[in-house]
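Residue numbers start from 1 in every chain, and the chains themselves are labelled A, B, ... in the order their sequence lines are given, proteins ahead of strands. These values consider heavy atoms only, across backbone and side chains, with no hydrogens, waters or symmetry-generated copies.
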Protein chains: 2
Amino acid sequence: MNKEPASVSAYDTAYPRIAMTVDCIIFSFDGNELKVLLLHEPDRPNDQWSLTGKFASDEEELDDVACRVLQQHTGIESAWVEQLRTFIHPRPAGKVLTVAYCALINSKDQQLQLSGSLLQWHSVRELQFTEFGHKDLVSYCYKWLQKRIQEHPLGFNLLPEKFSLREMQNLYEAVLETRLDRRNFRKKFFAMDLLVDTGEYENDVPHRPGKLYTFNFRKYEECKPNGTGITFL
Amino acid sequence: MNKEPASVSAYDTAYPRIAMTVDCIIFSFDGNELKVLLLHEPDRPNDQWSLTGKFASDEEELDDVACRVLQQHTGIESAWVEQLRTFIHPRPAGKVLTVAYCALINSKDQQLQLSGSLLQWHSVRELQFTEFGHKDLVSYCYKWLQKRIQEHPLGFNLLPEKFSLREMQNLYEAVLETRLDRRNFRKKFFAMDLLVDTGEYENDVPHRPGKLYTFNFRKYEECKPNGTGITFL
DNA sequence: ACAAAAGTGTTCGTGGTACACCCATGT
DNA sequence: ACATGGGTGTACCACGAACACTTTTGT
């Protein structure tokens, strides 16, 4: 934070002013695959997909802008949202500073608000083989999420309020692109002691129904910080 | 990324333009304590310390701006620098978007360039008990560093090119504010197999000199990514 | 009856933690 | 000789990984 000019009027002109967008990389899980929400502008060429986002001023907190982007496109009022990274992005009309956010929602409880543009869920796996403008950013965010979801129980944000352990495991297997042992997975989650047994069971399943759990957000908030032993990757 | 106006001239006025700074939280280690570099403007009240930083345009990569901030204040041409977080910061002359960076340098090899303003190293421990403008940001960055340094061997960036294991352990103990077992610490670092024995020894020490090592940056770059097992904090 | 997934314990190996003695150097 | 930190190995414990059978429900 360097010297500032003496007067406000000088300030207006002394420093460059730039345009800024807040973009959201919105993930959801359909039971099989991790999906990311992309939009297609009607006046653009086909198969040109971009992220949801909006231009912003300095009058609003960045987190609030990100929530508003999410709200406008999905109708969701509150969700897990976290700032990812900021970078300068060349655009047709000039360079823009973009603050990227990652959002996790559960798509089942919500309806997309289409709002003129075409919104569509895309498989994250498939996007690896597609070229599009924000491919690198989505990949970056996906890797970040893979790491983050192993350090914090974020998976709950991608599931309905009540979920079975099978759904949870499918989610982790999809996000981490691996297979996990069912017994060890259960053991781990029960040991965390953040699951609340609702007493209810799945229905609509063509086999023995599993128990439904909810996530104890309050308890999680209380017992976050630890971390003593040095452990490199 | 929403619709853009049809013409570039419309673009100039259609979206708000804001001022941006890139600020660096610069850490070093003096052998005992973790320090952070703060500057004091001559025309400000006493004991008003702020971070190093500069206003920036959209013409330069953010990482490059951060490096230039570092270079201007410390004379260091290349160092470990990582983007931390972006936020909107109220200033006397209006709101400013600030992109915060964390930098790690070893102060022994370098001389500070004082450049008119007063630059001074401050103990991170002591700052916990001081009120100043960027206190929260420094605390945030410090916590972030504590976590980051346990996942990646970043400590090397705070030490001279050749260092003893004692120096390294002092560093980790200072950053993590804890005591570590010497034998286990050595075992861990040797197991990583990223230390290169230089064959040289400390001098200037009033006791048996320790071996000096260098860090194998190349090997580290090659073997970064792993991470399979789910492990919450 | 059959298919499909739910639910449940034990063993083994790895890796972290705790701990004490002799060695090399400078004063 | 003495003080100071350098250098080394072993035993215990916790946690993650591997692994198979019985139970419940729907068709």
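- With the nearest nucleotide of DNA chain D identified for both B/Glu167 and A/Pro209, B/Glu167 has the one nearer the 5' end.
- Distance A/Asp181 CG to C/dT10 P: 16 Å, rounded to the nearest Å.
- Between the side chain of B/Asn184 and the backbone N or O of B/Asp181 there is no donor-acceptor pair closer than 3.5 Å.
- In terms of position along DNA chain D, the nucleotide closest to B/Pro206 lies nearer the 5' end than the nucleotide closest to the other residue of the pair B/Lys211 and B/Pro206.
- Judged by distance alone, with hydrogens and angles left aside, B/Arg182 brings no side-chain donor or acceptor close enough to the base of D/dG5 to form a pair under 3.5 Å.
- Between D/dA18, C/dA5, C/dA18, one nucleotide has an atom nearer to the side chain of B/Asn184 than all others, and that is C/dA18.
- Between the side chains of B/Thr198 and B/Thr214, no donor-acceptor pair is found at a separation under 3.5 Å.
- Judged purely by atom type and a 3.5 angstrom limit, A/Thr74 uses its side chain to pair as donor or acceptor with the backbone of A/Ile76.
- Among all heavy-atom pairs drawn from A/Val65 and A/Ala56, the shortest one is CG1-CB, 4.1 Å.
- For the pair B/Arg183 CZ and D/dT10 C1', the computed distance is 9 Å after rounding to whole Å.
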ask   = So B/Phe163 and B/Phe156, ring pair (Phe, Tyr, Trp, His ring centres under 6.0 Å) or not? Walk me through it.
value = CA-CA 9 Å; B/Phe163 52 88; B/Phe156 306 97; 5.5 Å; yes
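- Computed from coordinates, the A/Arg186 CZ to D/dA18 P distance equals 18 Å when rounded to whole Å.
- The separation between A/Leu176 atom CG and D/dA17 atom P is 12 Å, rounded to whole Å.
- Across the interface with DNA chain C, nearest-nucleotide mapping of A/Arg166 and B/Val205 shows A/Arg166 to be the residue nearer the 5′ end.
- Look at CG on A/Asn203: it is 17 Å from C1' on C/dA4, rounded to the nearest Å.
- Checked by distance alone, B/Arg208 brings no side-chain donor or acceptor within 3.5 Å of a matching partner on the base of D/dT4.
- As rounded to whole Å, 10 Å separates atom P of D/dT8 from atom CG of B/Leu165.
- Remark: P of D/dG16 and NZ of A/Lys187 are 9 Å apart, rounded to the nearest angstrom.
- Taking atom OH of B/Tyr201 as the reference point, atom C1' of C/dG26 lies 16 Å away to the nearest angstrom.
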